[in-house]
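Since the model is a prediction, treat every value here as computed from it, not as a measurement. For the single chain, residues carry numbers from 1 onward in sequence order.
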Amino acid sequence: MRPPSHAPVKFLKLWQIRFPIGAIASIAHRVSGVLLLIALPLLASVLARSLHSPAEFDALRDAAASTSGTLILALASWALAHHVLAGIRHLLMDIGIGSGLAQARRSARAALIAAPIIALYVLVRGLW
């Protein structure tokens, strides 16, 4: 059986879809939440290990200063910063503050720009 000629066209090339800025901020909020959920047990384990001995603390500090450690800390810093900023944005919009289209676009853009800046600041500050 053939589909009718008026059947909707499926467009599955997701990288070519232009999402609105609010959708990008919302998707990033979800991604940052998942990253934080995954990172939480790891961070708790690292904290526990760091308290065992001074040698263990020094080993973990050296691991954090490595290239891969720095990248992980940068990603975790971004996830935390974005999740907090986007969460505040969503909470304010839920109570009617900034829920107009122009205001929502500005706040989404602000969250998307501010989170990497905060993460970079935390990362640079932590390395010195």
Please round to the nearest 0.5 Å and tell me the distance separating atom [atom1] of [X] and atom [atom2] of [Y].
X	Y	atom1	atom2	result
Gln103	Arg89	CD	CZ	11.0 Å
Met93	Ile88	CE	CD1	14.0 Å
Arg125	Ile118	CZ	CD1	15.0 Å
Leu112	Ile21	CG	CD1	5.0 Å

Checklist line | Nearest atoms (heavy-atom pairs only) where Ala108 meets Gly22 | finding: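 Distance-wise, the nearest heavy atoms are CB-CA, 4.0 Å.
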Notebook entry, point to check: Which heavy-atom pair separates Ser99 from Gly96 by the least distance, and what is that distance?
Noted result: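 Answer, listing the atom of Ser99 first, then Gly96: OG-O, 3.6 Å.
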Margin query: Count I, L, V, M, F, W, Y as connected when their side-chain heavy atoms are under 4.5 Å apart, and connections chain through other members. Are Leu35 and Leu85 then in the same cluster?
Written below: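 Not linked; separate clusters.
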Item checked: Transitive ILVMFWY side-chain link Val84 to Tyr121, under 4.5 Å ->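 No, it is not one cluster - the side chains of Val84 and Tyr121 are not joined through contacts under 4.5 Å.
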For residues 37-52, which side-chain donor-acceptor pairs fall under 3.5 Å, sequence neighbours excluded?
unit_1	atom_1	unit_2	atom_2	d
Arg49	NE	Glu56	OE2	2.7
Arg49	NH2	Glu56	OE2	2.7
Ser50	OG	Leu47	O	2.7

Residues 72-82 side chain polar contacts: donor-acceptor under 3.5 Å, at least two apart:
unit_1	atom_1	unit_2	atom_2	d
Ser77	OG	Leu73	O	2.8
His82	NE2	Ala25	O	3.4
His82	NE2	His29	N	3.3

Checklist line | Which residues share a salt bridge (Lys or Arg N to Asp or Glu O under 4.0 Å) with Arg105, sequence neighbours left out | finding: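 For Arg105 there are no salt bridge (Lys or Arg N to Asp or Glu O under 4.0 Å) partners, ignoring immediate neighbours.
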